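Predicted, not measured: the structure shown is a model, and the values here were computed from it. Every number for a ligand or one of its atoms is a count from 1 in the order of the listing.
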Amino acid sequence: MSRREGILAEMGLAPIWRLRTRLEVPASDSPAVSGTDSSFEWTALKQAVPACTACGLHKSRTQTVFGVGDEQADWMLIGEAPGAEEDRLGEPFVGQAGRLLDNMLAAIDLKRGEKVYIANVLKCRPPGNRNPQPEEVAKCAPHLLKQIELVRPKLIVAMGRFAAQTLLGTDASIASLRGRLHRYAGVPLVVTYHPAYLLRNLPDKAKAWADLVFARKTMTGF
Ligand code: SF4
């Protein structure tokens, strides 16, 4: 049993590749991927996502926004969908919200690209930054699930109402989901606000800070 499997077993959780998500994505029966297999699967996924036409968002995208960071990260941060800047640059969480995220990470001694992997639920920008539609989420979910399976994070941080509600299969508010440990596909998950929301609601920055402290404390306990 690997160290990660041991951690999940101690927590009474099955490894991700043995689980089905709330998004009803078929689980892979494959065992833990070795370094070589993982590299092969990352390459295949990075080719599959830019070529994806599974939902209508492919028609309006400039490019897909795959994800970025340490592909063996302990932390995985998941947001909603690319915005205009992300669509233009092909990287998640850029611009003002991205800078705030970097500052939030620095506050808990983390840095983009080091032990952190960042991705969105959707890989293509919804026109006009509208909310993702359920069918788009359903079509795109396998990409995210595969990323989680390959990264094998110790902890997921769901940023924003949409990511939290989508990953947890609930319509509960952020306020009611914060401060508790959840799970997505067997991986412990903490909910916090999206950096773009925090830019518009500065008083909630203190709550986001509390969420990150909670996440850091949770991670330290592993
Ligand atoms: Fe494919 Fe996801 Fe883009 Fe839809 S949003 S076209 S499912 S990559």
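- Among the atoms of H143, none of the N, O or S atoms falls under 2.8 Å from atom 1 (Fe) of ligand 1.
- Checked by atom type, the side-chain pair Q147/K123 shows a donor-acceptor distance below 3.5 Å.
- Distance CD/E149 to CG/L45: 10.0 Å, rounded to 0.5 Å.
- Near H58, meaning under 4.0 Å from any of its heavy atoms, are these atoms of ligand 1: 6 (S).
- Atom 4 (Fe) of ligand 1 has C55 among its coordinating residues (N/O/S atom, backbone or side chain, under 2.8 Å).
- Counted by atom type alone, N129 and R125 present one or more donor-acceptor pairs between their side chains at under 3.5 Å.
- Residue K123 approaches ligand 1 through these ligand atoms, each under 4.0 Å from one of its heavy atoms: 8 (S).
- None of L167, V121, I174 except one satisfies the side chain to side chain contact (heavy atoms under 4.5 Å, CB included) rule with F162; the exception is V121.
- Applying the 6.0 Å contact sphere to NZ of K217 captures no more than 12 heavy atoms from other residues, nucleotides or ligands.
- For ligand 1, the atoms sitting less than 4.0 Å from at least one non-hydrogen atom of R61 are 3 (Fe), 6 (S), numbered in the order shown with element in parentheses.
- Atom 2 (Fe) of ligand 1 has C140 SG, 2.3 Å as its closest protein atom, hydrogens excluded (heavy atom only).
- Look at C124 and atom 3 (Fe) of ligand 1: an N/O/S atom of the residue is under 2.8 Å from the metal.
- Two residues are said to be in side-chain contact when any heavy atoms from C-beta on lie closer than 4.5 Å; V213 and D211 fail this criterion.
- Heavy-atom contacts of K139 reach the following atoms of ligand 1: 7 (S) (cutoff under 4.0 Å).
- At a heavy-atom distance under 4.0 Å, no atom of E136 approaches ligand 1.
- Of the protein's non-hydrogen atoms, the one nearest atom 1 (Fe) of ligand 1 is C52 SG, 2.2 Å.
- Salt bridge D102/R112: present, at least one basic N to carboxylate O contact under 4.0 Å.
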